[in-house]
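All chains are named by letter (A, B, ...) in the order of the sequence lines, taking the proteins before the strands, and each is independently numbered beginning at 1. The shown structure was predicted, so the numbers you read here are calculated from the model rather than taken from an experiment.
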Amino acid sequence: MALRAGFRDPVHAAQAVFRAAMDALSRPACIQALAPALTPPEPLTAELAGLALALCDADTPIWLDAPLAAVPEVAAYLRFHTGAPLVAAAGEAAFALIADPAACPDFVAFAQGTPDYPDGSATLILAVDHLTDRRGLAFSGPGIRDLAYLEAAPLPADWSARLAANHALFPRGLDILLVAPGRIAGLPRSARLREAAEA
Amino acid sequence: MSAAAPLPEPGYNFAYLDEGTKRMIRRAILKAIAIPGYQVPFASREMPMPYGWGTGGVQVTAAVLGRSDVLKVIDQGADDTTNAVSIRRFFGRTAGVATTTHTSEATLIQTRHRIPETPLSEGQILVYQVPIPEPLRFLEPRETETRQLHALAEYGLMHVKLYEDIARHGHIATTYAYPVEVAGRYVMDPSPTPKFDNPKMDGCPALQLFGAGREKRIYAVPPHTRVRSLDFEDHPFRIQSFDRPCALCGAEAVYLDEVVLDDRGGRMFVCSDTDHCEGRRAEGHTGEMAE
């Protein structure tokens, strides 16, 4: 089996992916375009692979969820193109790639950062099927002018409770990137879930 | 004036830094955005310019910059001073990006100690060069202690300092690097910008990134984020005001620089933001000393 190719133009492709991720986190719950030209081994999506190749290297342990960890080609692809160690313990990971978001482990499984180094927390990247910012859960906070809405599926049933608990940890907490084909949205720990959920 | 993109010089990676360094800085920027006002440590590199000339800002700009960006660099508001010209040329040569002096045309503005007078817009990025990122550093020299103070949101020390200003001078005498509270949590040094610019940081639609090269810290203020200058109920925060308009363009309510004209006390006050001043003069506004 041949190894799938990475970025054709690594410098500018990585910059484009980073800028999409930066825009997504600086404008929470606002969808940005993200279309890395990659055909990674399934079930790794092009967006998951693009973010991993743009942001991960030997300094950033990656955790893979069960569907990704079950495919040796995915591990080989990420090892070859990023050089990042793949860890079995979710708590050791800087980035978690999640292809089955409905089965996303509880947030406490991941590094939350410490009060004096809150930047030591993990970034979760979830590949969802459905992602829209026209309706859904309402968020406020830094990067949001009034309210922003985000709906994604599939997600765990207790998703909104998890997000509220994650924000309550601030300045500790996880940062979440949601990707769907061609798009990305961010939910940093600073995003506050509002009660009145429907737009 | 806009310069068309020249070809980058061969032998350098795009925007000078290697890709591993860019990835490390990019990860720090993402965490900085997620924790507004918190100083993220990063492995600052030596740059081909001395510390104090913007090595932190240059590294942030290099990590963020893309081929389609239009770069503006200002030094104390001016596009034509040494620091601004050399950094603009640096990225022109190593990245081949288009450069401009017009605030409204730029997608990325690297600044040393001013925020442009022209309001920034959605989608723009403002990168600050920061000498001392820690607002508590002159009150508490130990990093272990200041880190603890930030972790506990214990900012009484800063209020004591502002209070001592009032006790000694009758008002808060801090005029630049005036401490701000970001999104209701971290107290942050806005870099040595005049406090005149502090209100522009509040709810700014542009993303604000801060890079301190020697001190190895990156921090950020996302768009539309509450930035409050610290003050007291009976001594509210006030910005500087000038008793005369710009001598060249007649602008009021802008930040002015004093220019000494001779050795007999002659002086003039002109806009510190050269692009703003030139734009106004092109529109026909004149001040008392315009030729």
With a 4.5 angstrom heavy-atom cut-off, could you sort out which part of B:Ile125 is near chain A: side chain, backbone, both or neither? side chain
Counting heavy-atom pairs under 4.5 angstrom with chain B, the leader among A:Asp57, A:Thr114, A:Asp23 is A:Asp57
Non-hydrogen atoms of chain A under 4.5 Å away: do they reach the side chain of B:Ala63, the backbone, both or neither? backbone
Check whether A:Thr123 gets within reach of chain B through its side chain, its backbone, both or neither, counting any heavy atom under 4.5 Å. both
Grab the two heavy atoms, one from B:Tyr38 and one from A:Tyr117, that are nearest each other, plus how far apart they are. OH-CA, 3.5 Å
Which of the residues B:Ala183, B:Ala220, B:Gly66 is involved in the greatest number of heavy-atom pairs with chain A at under 4.5 angstrom? B:Gly66
Contact origin within A:Ala24 toward chain B - heavy atom pairs under 4.5 Å: neither
Applying a strict 4.5 Å limit to non-hydrogen atoms, the region of A:Phe95 in contact with chain B is side chain
Give, for atom CZ of A:Arg19 and atom CG of B:Asp69, the distance between the pair rounded to the nearest 0.5 Å. 4.0 Å
Considering only heavy atoms, which portion of B:Glu122 lies under 4.5 Å from any heavy atom of chain A: side chain, backbone, both, or neither? both
Look up atom NZ in B:Lys31 and atom CG in A:Leu25, then write down how far apart they are to the nearest 0.5 Å. 8.0 Å
Ranked by heavy-atom pairs below 4.5 Å to chain B, first place among A:Gly143, A:Gly186, A:Pro188 goes to A:Gly143
CZ/A:Arg192: more than 12 non-hydrogen atoms of other groups inside 6.0 Å: no
Compare every heavy atom of A:Asp175 with every heavy atom of B:Ala34, then report the nearest pair and how far apart it is. CB-OD1, 3.2 Å
B:Asp18 portion near chain A, given a 4.5 angstrom heavy-atom threshold: neither
Is a side-chain donor or acceptor of B:Arg27 paired with a backbone partner of A:Leu55 at a separation under 3.5 angstrom? yes
Residue B:Arg185 versus chain A: region with a heavy atom under 4.5 Å: side chain
Please tell me if the side chains of B:Pro41 and A:Asp119 come closer than 4.5 Å, counting only heavy atoms from C-beta onward. yes
Does A:Glu42, at its CD atom, have more than 12 non-hydrogen atoms belonging to other residues, nucleotides or ligands within less than 6.0 Å? no
Applying a strict 4.5 Å limit to non-hydrogen atoms, the region of B:Ile35 in contact with chain A is both
Decide yes or no for B:His150 and A:Asp116: does some side-chain heavy atom of the first lie under 4.5 Å from some side-chain heavy atom of the second? no
Heavy-atom distances under 4.5 Å only: say whether A:Arg27 touches chain B with side chain, backbone, both or neither. side chain
Heavy-atom pairs under 4.5 Å with chain A, option from B:Val64, B:Leu207, B:Leu149 with the top count: B:Val64
Does a side-chain heavy-atom distance below 4.5 Å link B:Tyr186 with A:Pro171? yes
Could you check which of A:Ala16, A:Gly113, A:Cys56 has the highest count of heavy-atom pairs closer than 4.5 Å to chain B? A:Cys56
Under a 4.5 Å cut-off applied to non-hydrogen side-chain atoms, are A:Asp59 and B:Met24 in contact? no
Ignoring hydrogens and angles, tell me if any N or O in the side chain of B:Arg23 forms a donor-acceptor pair with the backbone of A:Ala54 under 3.5 Å. no
I'd like to check A:Val11 versus B:Lys22 (side-chain heavy atoms, cut-off strictly below 4.5 Å). Are they in contact? yes
Go through the atoms of B:Gln148 and report whether side chain, backbone, both or neither lie under 4.5 Å from a heavy atom of chain A. neither
Taking everything shown except B:Arg137 itself, do over 12 heavy atoms lie less than 6.0 Å from its CZ? yes
Using heavy-atom distances under 4.5 Å, tell me whether A:Ile144 contacts chain B through its side chain, its backbone, both, or neither. backbone
